[in-house]
Asks: 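Just dropping this structure here.
Here, residue 1 is the first one in the sequence, and each next residue gets the next number. Worth knowing before you read on, the calculation uses all heavy atoms, side chains too, and leaves out hydrogens, waters and symmetry mates.
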Amino acid sequence: QAGSGGAGGSAGSAGSAGSAGSGAVGGYDGKLMTIAQGDPGAGELAADPTHAYWTVNVDFYHSELYRAPLDASSGPEKLASTSGSNIRAFALDQDHVYFARSDSEIRSVPKSGGASASIGLASQVESMVVQGGTLYGTSMDGVFKLAVAGGATQNLAQVDDAVSVAVDADWVYFTTESVNFSSGALLKVAKSGGDILYFGPDDAGDPLQLRVTSKGAFWSDLNNRILTAAPGAPQATQLAQTGGDVLQLQADDAFVYYSIPGGLYKVGVSGGSPTKVASVDKSFGFALDEKSVVFADAVTGKVQRIGK
């Protein structure tokens with residue numbers, strides 16, 4: 001199964017971006033619960049089997065990165081804070097959180113807390129995912145990869161306005177709004193670099209948020225649609241026409257989840273009627289675990305959990 005980018009967890013067999021994977025904190029009954037009261041300005045969110053991680057944009061030049069246990073057994077813990085820049089994207093692996101700052105620096109901080117360290121540079125990062133000791137991301141310069149141990153950033157694809165990223169064992173998938181691809185495109189490039197290839201149907205619209213799973217590709221577009229296509233399919237299938245701008249999107253093998261102003265929704269990967277999962281003012285970040293959806297509200301600052 002391919003993992004996907006955004007505020008993400010590890011890519012690969014663990015599941016979609018932001019996935020907490022299997023074995024999340026047990027005993028959860030599916031009822032709406034508050035993990036943290038938080039602060040207004042909550043942005044991206046990711047989760048692992050025990051904790052939720054999220055950013056708070058205090059102002060244009062100051063962001064903070066927090067974590068809290070999914071069972072709400074203790075309060076939030078601040079992992080990192082920026083001054084003179086904000087956090088544009090972040091991703092998790094087993095031991096660390098990797099975050100990209102607006103001043104082009106990418107840093108690493110232990111999940112358990114401690115000092116952060118610079119590991120590389122990438123300009124105006126839009127999304128990131130980590131797999132096998134390597135970060136893959138989109139930026140104003142295109143698609144890049146960077147070893148989590150640090151070093152030089154490698155540009156895999158030189159395109160304008162790359163937006164969302166996803167990876168599997170061999171490929172890096174990404175969306176673009178670039179003028180070079182006038183109607184937007186679903187594209188891919190080998191992890192080692194090389195030619196940029198189309199991987200989706202011609203009627204992909206202007207794709208934005210992208211997730212790739214064993215069931216196919218799922219994406220949102222500028223027309224507020226949720227679309228899907230199986231590998232090699234000649235045409236896209238519309239799963240939902242949303243009632244507003246899609247702020248974030250995640251997928252598992254059964255449903256595609258998306259947030260719009262006012263709510264968090266799901267629709268089956270094969271179609272059907274969308275169902276409202278939770279009311280939320282604006283959620284720019286949410287994550288899936290085996291049993292639940294973990295989400296942050298940018299207006300109230302609350303970080304909450306609700307059964308799928």
Side-chain angles (χ1 to χ4, degrees), residues 5-9 16-20 28 30-47 51-70 72 75-76 78 81-82 86-90 99 102 126-127 163-164 208-209 211 218-226 239-252 255-267 273-289 291-308:
S16 303
S19 172
Y28 177 60
K31 295 180 181 179
L32 180 67
M33 65 177 290
T34 298
I35 295 171
Q37 292 296 332
D39 296 302
E44 296 191 356
L45 180 145
H51 288 78
Y53 302 77
W54 70 96
T55 59
V56 174
N57 297 313
V58 180
D59 57 44
F60 192 73
Y61 300 103
H62 179 197
S63 292
E64 295 173 339
L65 175 66
Y66 290 90
R67 79 165 187 170
L70 293 178
K78 186 188 296 185
S81 180
T82 66
N86 57 27
I87 297 174
R88 294 183 56 88
F90 74 95
F99 59 97
S102 58
E126 287 291 333
S127 63
V163 182
S164 190
L208 295 173
Q209 298 286 339
R211 301 293 177 255
F218 304 90
W219 67 96
S220 62
D221 75 355
L222 286 175
N223 294 316
N224 298 329
R225 299 181 299 171
I226 307 298
L239 296 178
Q241 177 72 60
T242 72
D245 293 339
V246 178
L247 306 176
Q248 183 57 275
L249 181 146
Q250 302 289 358
D252 59 21
F255 292 96
V256 182
Y257 297 79
Y258 59 93
S259 61
I260 62 174
L264 179 65
Y265 293 81
K266 68 178 182 181
V267 64
S273 298
T275 301
K276 193 171 190 178
V277 177
S279 294
V280 55
D281 290 313
K282 284 187 177 180
S283 181
F284 296 101
F286 67 89
L288 309 178
D289 67 25
K291 297 180 179 179
S292 64
V293 185
V294 184
F295 59 97
D297 190 323
V299 177
T300 67
K302 284 185 178 181
V303 178
Q304 296 180 289
R305 187 184 189 194
I306 193 168
K308 287 181 172 180

Asks: Could you tell me whether Lys282 atom NZ has more than 12 heavy atoms of other residues or ligands within 6.0 Å of it?
Replies: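 For Lys282, atom NZ is not crowded (no more than 12 foreign heavy atoms under 6.0 Å).
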
Asks: Could you list all the side chain to side chain donor-acceptor pair (under 3.5 Å) pairs where at least one residue sits in residues 31-43, not counting sequence neighbours?
Replies: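 Listed by first then second residue: Thr34-Gln304.
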
Asks: How many angstroms lie between atom CZ of Arg88 and atom OG1 of Thr82, to the nearest 0.5 angstrom?
Replies: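 The OG1 atom of Thr82 is 12.5 Å from CZ of Arg88, to the nearest 0.5 Å.
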
Asks: Distance check, rounded to the nearest 0.5 Å: Leu65 atom CG versus Tyr53 atom OH?
Replies: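 If we round to the nearest 0.5 Å, Leu65:CG and Tyr53:OH are 9.0 Å apart.
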
Asks: Quick one: does Ser259's side chain have a donor or acceptor within less than 3.5 Å of a partner on Ser283's backbone?
Replies: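 It does hold such a pair.
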
Asks: Look only at the side chain of Asp221 and the backbone of Asn223, and say whether a donor-acceptor pair between them is shorter than 3.5 Å.
Replies: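 Between the backbone of Asn223 and the side chain of Asp221 there is a qualifying donor-acceptor contact (under 3.5 Å).
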
Asks: Report yes or no: does Ser220 contribute a side-chain atom to a donor-acceptor pair with the main-chain N or O of Gln248 at less than 3.5 Å?
Replies: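 Judged by distance alone, no pair lies under 3.5 Å.
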
Asks: Side chain of Tyr28, backbone of Ile306: donor and acceptor closer than 3.5 Å?
Replies: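 Present.
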
Asks: What distance separates Phe295 CZ from Trp54 CH2, expressed to the nearest 0.5 Å?
Replies: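 Those atoms lie 13.0 Å apart.
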
Asks: Go through Phe218 and Leu239 one step at a time and tell me if the side-chain contact (heavy atoms from CB on, under 4.5 Å) criterion holds.
Replies: CA-CA 9 Å; Phe218 304 90; Leu239 296 178; 4.0 Å; yes

Asks: Please confirm whether the backbone N or O of Ile35 pairs with a side-chain atom of Arg305, one donor and one acceptor, at under 3.5 Å?
Replies: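 Judged by distance alone, no pair lies under 3.5 Å.
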
Asks: May I ask you to decide if Phe286's main-chain N or O and Gln250's side chain share a donor-acceptor pair within less than 3.5 Å?
Replies: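 Such a contact is found between Gln250 side chain and Phe286 backbone.
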
Asks: For the backbone of Asp281 and the side chain of Asp297, can you confirm whether one donor and one acceptor N or O come within less than 3.5 Å of each other?
Replies: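 Judged by distance alone, yes, a pair lies under 3.5 Å.
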
Asks: Mark yes or no for whether Lys308, through its side chain, and Val277, through its backbone, hold a donor-acceptor pair below 3.5 Å.
Replies: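 It does not hold such a pair.
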
Asks: When you measure from the side chain of Thr242 to the backbone of Asn224, do you find a donor-acceptor pair of N or O atoms at a distance under 3.5 Å?
Replies: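 Yes.
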
